[in-house]
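Below you'll find the structure, written out as C-alpha cells, and then a few comments.
Scope of the values below: all heavy atoms of this structure, side chains included, with no hydrogens, waters or symmetry mates. Computed from a predicted model, the values in this text were never measured in an experiment.
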Amino acid sequence: MAGMSGHCCSHETVFDGTSTAFRRALIAVIAINAALFLIEMTAGQLAGSKALQADALDFAGDTATYAISLLVIGRPLLWRARAAFLKGLSLAAMGLWVLASTAWQVLVLGVPSAGVMSVVGLLALAANVASVLILMRWRDGDANVRSVWLCSRNDAIGNVAVIGAAALVFATGTAWPDLAVATLMAGLFLSSAVQIVRRSLSEMAEGTSADGAGHRHARTQP
C-alpha cells in the first residue's frame, strides 16, 4: 500500500474511498462522534468543566469533517484534495486552539476536575478506539481518506494523554500536567496537519494537471 513517503513517485492505485464498506464505516464513525459530542457537552455543562466542553467541540468538528469526507467520495481527485486541504488547515487551527484554551484553563480558571476528566476521558477513549479499529484497513488511502484515519488516531492518543494528565493533576494538585499534555497534543495535531496539507497539495496539482489535460483533449476532438 502506498504510504505518505514516495507518493509522488508511486504508480500504485491509492484507495479513494469509493467502496460500500468504507462508506458504511465512515457513517458509523460519524454517528459515534456525534453521540460523544452530545454526551461530553452535557457532562461538561453539568460539571462546569471548560476542558470537557472544549473536547466536545473537537468531537463536533470531527463529525463535520468526516461528513465532508463522505460527501466528496467519488468526486474528482481535485475535489477530494481540496477537501483534505481544508481539513488539514482546520486540524492545525484545532492544535493551536487546544493549546490556547488549555493555557487559559490553567492560568485563569484554575485546576480542572480530575475525576470528571478521568470518567469522561475513558468514555471518549472507548469511542475513539472503536473509530480507529473501524477505519484501520483504510488508513493508507488518499489524502481525504487518510485525514479521517489521522483525526481518529490523534483523538485516541489524546484521550490516553488526558487520562494520564488527570492522574497527575490528582497526584500533584496542580493543573500543569494538563498544560503539558495539551502542548504535546497540539504538536501532534500540527504534525498531522502538515502531512495532510502536503499530500493534498500534491494531489491538487495532480488533479489540476489531469483536468487540464482533459480539457485540451476535448478541444482537439472533431
Side-chain angles (χ1 to χ4, degrees), residues 17 21-45 47 49-70 84 87-88 90-99 101-102 105 112-141 143-169 177-178 180-193 195-196:
F22 180 72
R23 289 175 186 270
R24 287 175 178 170
L26 195 51
I27 290 171
V29 171
I30 290 171
I32 290 172
N33 278 266
L36 261 293
F37 162 68
L38 295 174
I39 292 171
E40 209 168 23
M41 182 59 75
T42 302
Q45 290 177 340
S49 170
K50 296 296 183 183
L52 286 179
Q53 292 177 39
D55 197 46
L57 292 177
D58 182 40
F59 275 110
D62 286 346
T63 301
T65 57
Y66 296 166
I68 292 172
S69 294
L70 183 63
K87 286 185 286 182
S90 67
L91 189 59
M94 179 66 72
L96 295 174
W97 181 80
V98 166
L99 182 59
S101 64
T102 305
Q105 173 79 30
S113 170
V116 174
M117 286 174 64
S118 298
V119 173
V120 182
L122 285 170
L123 180 60
L125 175 62
N128 282 315
V129 167
S131 297
V132 168
L133 293 176
I134 290 171
L135 298 168
M136 178 80 73
R137 59 186 287 198
W138 297 289
R139 64 185 181 277
D140 292 320
N144 182 52
V145 173
R146 184 166 176 77
S147 66
V148 175
W149 155 257
L150 286 173
C151 286
S152 296
R153 185 205 65 179
N154 289 351
D155 287 345
I157 294 173
N159 295 141
V160 173
V162 166
I163 293 169
L168 291 175
V169 166
D178 201 35
V181 166
T183 302
L184 292 174
M185 287 309 304
L188 180 60
F189 289 150
L190 293 172
S191 174
S192 296
Q195 291 184 54
I196 294 170

Shortest non-hydrogen contact from [X] to [Y]?
{"X": "Val29", "Y": "Ile134", "answer": "CG2-CG2, 4.1 Å"}
{"X": "Asn33", "Y": "Ser131", "answer": "ND2-OG, 4.0 Å"}
{"X": "Ala92", "Y": "Leu190", "answer": "O-CD2, 3.5 Å"}
{"X": "Ala25", "Y": "Trp138", "answer": "CB-CZ3, 3.4 Å"}
{"X": "Ser152", "Y": "Leu135", "answer": "OG-CD1, 3.6 Å"}

Practice item. Give a yes or no on this: more than 12 heavy atoms of other residues, nucleotides or ligands lie within 6.0 Å of atom CZ of Arg23. Key: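 Check passes, neighbour count above 12.
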Point to revise | Gap separating the OG1 atom of Thr63 from the CG atom of Leu38, nearest 0.5 angstrom | key: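 Between Thr63 OG1 and Leu38 CG, I get 8.5 Å after rounding to 0.5 Å.
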Point to revise | Reported CD1-to-CG distance for the pair Ile39 and Leu123, which is rounded to 0.5 angstrom | key: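 One gets 5.5 Å once the value is rounded to the nearest 0.5 Å.
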